[in-house]
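Notes follow once the structure below has been shown.
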Amino acid sequence: SARRCPVGKALSEIPGRWLPVQRTLWDNIEVMNTQKPTIHLIVAARPNFMKVAPLYHELIKQGWCNPLLVHTGQHYDANMSGNFLRDLNLPQPDIHLSVGSGTHAEQTAGVMLAYEKVCLEQAPDYIIVVGDVNSTLAVTITAKKLWLPVAHLEAGLRSGDRSMPEEINRIVTDALCDLLWTPSPDGDEHLLREGVSPERVVRVGNIMLDSYELLREKIEADSAMSDLGLTPKGYGVVTLHRDFNVDRQEALSPIVDLLIQAAKKLPLVFPVHPRTRARLETFGLWDKLEGSAGMQLVEPLGYIPFMNLVGSARLVLTDSGGIQEETTYLDVPCLTMRPNTERPITITEGTNKLVDVETALESIARVLSGDWPTGTKPALWDGKTAGRVADSLKTALLK
Ligand code: UD1
């Protein structure tokens, strides 16, 4: 074809372009009268915002492309979504799919149906998905069936536990994406072992920590800790929301007992995820926990106040993925209430250990007596990942 796309290639040369989409792309180019490639950055749930923000800001700064923020609406409460946009200086999303909650199939299908329409209308030049939430998988499948190129930021992580929905999301997303940006060497190893060709894998480092560095001054100056009446290293932070910890009373009830015991040794602040709050209320555990000595239950916090709390905490007890990395970066002891982790480098090089209801109290005692590993920062966890991602994207688009 003699027709050229905005990046100077014949449309037929762009990998994965489906003809009807090409035509739409061409129409859009004339309407938009721009030669800049359009990049969709997908956000969906709370852990996505701090991974997308540094890249969005970097792409705006570099100016060679037109980054658009696409929010699937998987998380929709102000304190699970809007506050993160504000804290991370992100604009309101350019496109909002408003999918909301549902079963896994409903949520995944909802994103697929809504995003397919957007792809057919806009034919973005590259789509970037992050992390391992249901929307990551849904967007990837939808886009790849339209032959649109997709990159996965935070690729290659594996817990080896297929009972976790996030593990299924990671495996399928990585199998389909054109470009796989990994945070650590274990990510590269998993992908190569799964048969991914090496030229698709680029180690970029941990982008979430770019968000921390971008906002470090504001985080350190924030008043969250003092507002809660806490003092540096004088409290622990708790977050729990995994289905296996909170959805069944047999699992959640002993965890509540553990927290009540732990709060007697160290004051705890627990920003409660909506899923967890709902279960605590259903199982009649909320009042018991809220009334216990040393325990403060609070609403989910924005990025800046939450990181202010984590940064000065004596320890963190969590089942989150990202917090395992943030605590290693900040050298804060982390007790992860899970049987496994997709982030083993936080154990081998950092401050993280896996615990359960049987062992957590003993681990807390070890932290309090100073018997805990100090973290080293893994290679490329340096706050400069967004620049490496942008360079890799530019190479992929302009080569
Ligand atoms: C999702 C991600 C998980 C991530 C977590 C961070 C998947 C499979 N899971 O789990 O990887 O660690 O987000 O929070 O994608 N809810 C609200 N308000 C909201 C969002 C959710 O009330 O803004 C409620 C929902 O109605 C639902 C529950 O919380 O009942 C769970 O939400 P959902 O997005 O399905 O999964 P998460 O547990 O948040």
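Since this is a predicted model, take the numbers as computed values, not measurements.
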- Item | Intermediate values then yes/no, side-chain contact (heavy atoms from CB on, under 4.5 Å), Val310 and Tyr329 | CA-CA 11 Å; Val310 169; Tyr329 190 69; over 6 Å; no
- List the steps and the verdict of side-chain contact (heavy atoms from CB on, under 4.5 Å) for Val130 and Ile42. CA-CA 7 Å; Val130 301; Ile42 312 295; over 6 Å; no
- Task: Starting from the C-alpha separation in whole Å, work towards a yes-or-no answer on side-chain contact (heavy atoms from CB on, under 4.5 Å) for Tyr126 and Leu148.
- Result: CA-CA 7 Å; Tyr126 233 104; Leu148 292 168; over 6 Å; no
- Report the C-alpha distance between Glu116 and Thr142 in whole Å, list the side-chain angles of each, state the deciding distance to 0.1 Å, and finish with yes or no for side-chain hydrogen bond (donor to acceptor under 3.5 Å, both in side chains). CA-CA 6 Å; Glu116 184 178 50; Thr142 305; over 6 Å; no
- Message: Under the criterion side-chain hydrogen bond (donor to acceptor under 3.5 Å, both in side chains), I'd like the reasoning laid out for Asp371 against Ser369: C-alpha separation, chi angles, the key distance, then a yes or no.
- Response: CA-CA 6 Å; Asp371 176 21; Ser369 69; 5.1 Å; no
- Message: Between Tyr115 and Val99, is the side-chain contact (heavy atoms from CB on, under 4.5 Å) condition met? List the steps.
- Response: CA-CA 10 Å; Tyr115 191 59; Val99 167; over 6 Å; no
- Message: Assess the residue pair Arg343 and Asp186 against the criterion (salt bridge (Lys or Arg N to Asp or Glu O under 4.0 Å)); give the C-alpha distance rounded to whole Å, side-chain angles, the decisive distance to 0.1 Å, and a yes or no.
- Response: CA-CA 9 Å; Arg343 293 162 161 94; Asp186 54 299; over 6 Å; no
- From CA spacing to verdict: side-chain hydrogen bond (donor to acceptor under 3.5 Å, both in side chains), Glu325, Tyr212: CA-CA 11 Å; Glu325 299 178 333; Tyr212 189 85; over 6 Å; no
- For Thr318 and Gln324, what are the C-alpha separation, side-chain angles and deciding distance, and is it a side-chain hydrogen bond (donor to acceptor under 3.5 Å, both in side chains)? CA-CA 8 Å; Thr318 189; Gln324 296 172 55; over 6 Å; no
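Ion pair Glu342/Arg338 flagged as a salt bridge, since at least one NZ, NE, NH1 or NH2 atom sits closer than 4.0 Å to an Asp/Glu carboxylate oxygen. Here Arg170 does not pair with Glu166 in a salt bridge; the nearest charged N to carboxylate O distance is not below 4.0 Å. Ion pairing between Lys384 and Glu58 fails under the 4.0 Å rule for side-chain N and carboxylate O. Checked for salt-bridge contact, Asp243 and Arg279 miss the test: no charged N lies under 4.0 Å from a carboxylate O. Electrostatic pairing of Lys36 and Asp125 does not count as a salt bridge here, judged by no charged N lying under 4.0 Å from a carboxylate O. Electrostatic pairing of Arg158 and Glu194 counts as a salt bridge here, judged by a charged N lying under 4.0 Å from a carboxylate O.
For Trp372 and Thr351, the side-chain atoms include no donor-acceptor pair closer than 3.5 Å. Residues His57 and Asn89 have side chains that never bring a donor and an acceptor to within less than 3.5 angstrom of each other. Asp331 and Thr374 share no donor-acceptor pair across their side chains, judged by distance under 3.5 Å alone. Thr136 and Asn169 share no side-chain donor-acceptor pair at under 3.5 Å.
Across all their heavy atoms, Ala151 and Cys177 have their closest contact at C-SG, 4.1 Å. Minimum heavy-atom separation, Val355 to Leu335: CG2-CB, 4.0 Å. In plain terms, the two heavy atoms of Ala313 and Val332 that are nearest each other are O-CG1, 3.7 Å. Considering every non-hydrogen atom in both Leu309 and Tyr235, the closest pair reads O-OH, 2.6 Å.
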Pairs of donor and acceptor atoms involving the side chains of residues 292-301, under 3.5 Å and at least two apart or interchain, shall be tabulated with distances.
residue, atom, partner, partner atom, Å
Ser292, OG, Leu289, O, 2.7
Gln296, NE2, Leu228, O, 2.9
Glu299, OE1, Asn79, ND2, 3.1
Glu299, OE2, Arg277, NH1, 3.3

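For the pair Trp381 (side chain) and Ile207 (backbone), a donor-acceptor distance under 3.5 Å is absent.
Each salt bridge (Lys or Arg N to Asp or Glu O under 4.0 Å) pair with one or both residues in residues 309-319, not counting sequence neighbours, would appear here, but there are none.
The 12-atom threshold is not exceeded at NZ of Lys265, counting heavy atoms of other residues, nucleotides or ligands nearer than 6.0 Å. The number of heavy-atom neighbours closer than 6.0 Å to CD of Glu199, taken from other residues, nucleotides and ligands shown, is above 12.
The aromatic rings of His96 and His71 sit parallel, their planes meeting at an angle under 30°, below the 60° perpendicular limit. Ring planes of Phe49 and Phe84: parallel class, angle under 30° (limits at 30 and 60°).
Interatomic distance, CG of Asn352 versus OG1 of Thr346, reported as 3.5 Å (0.5 Å rounding).
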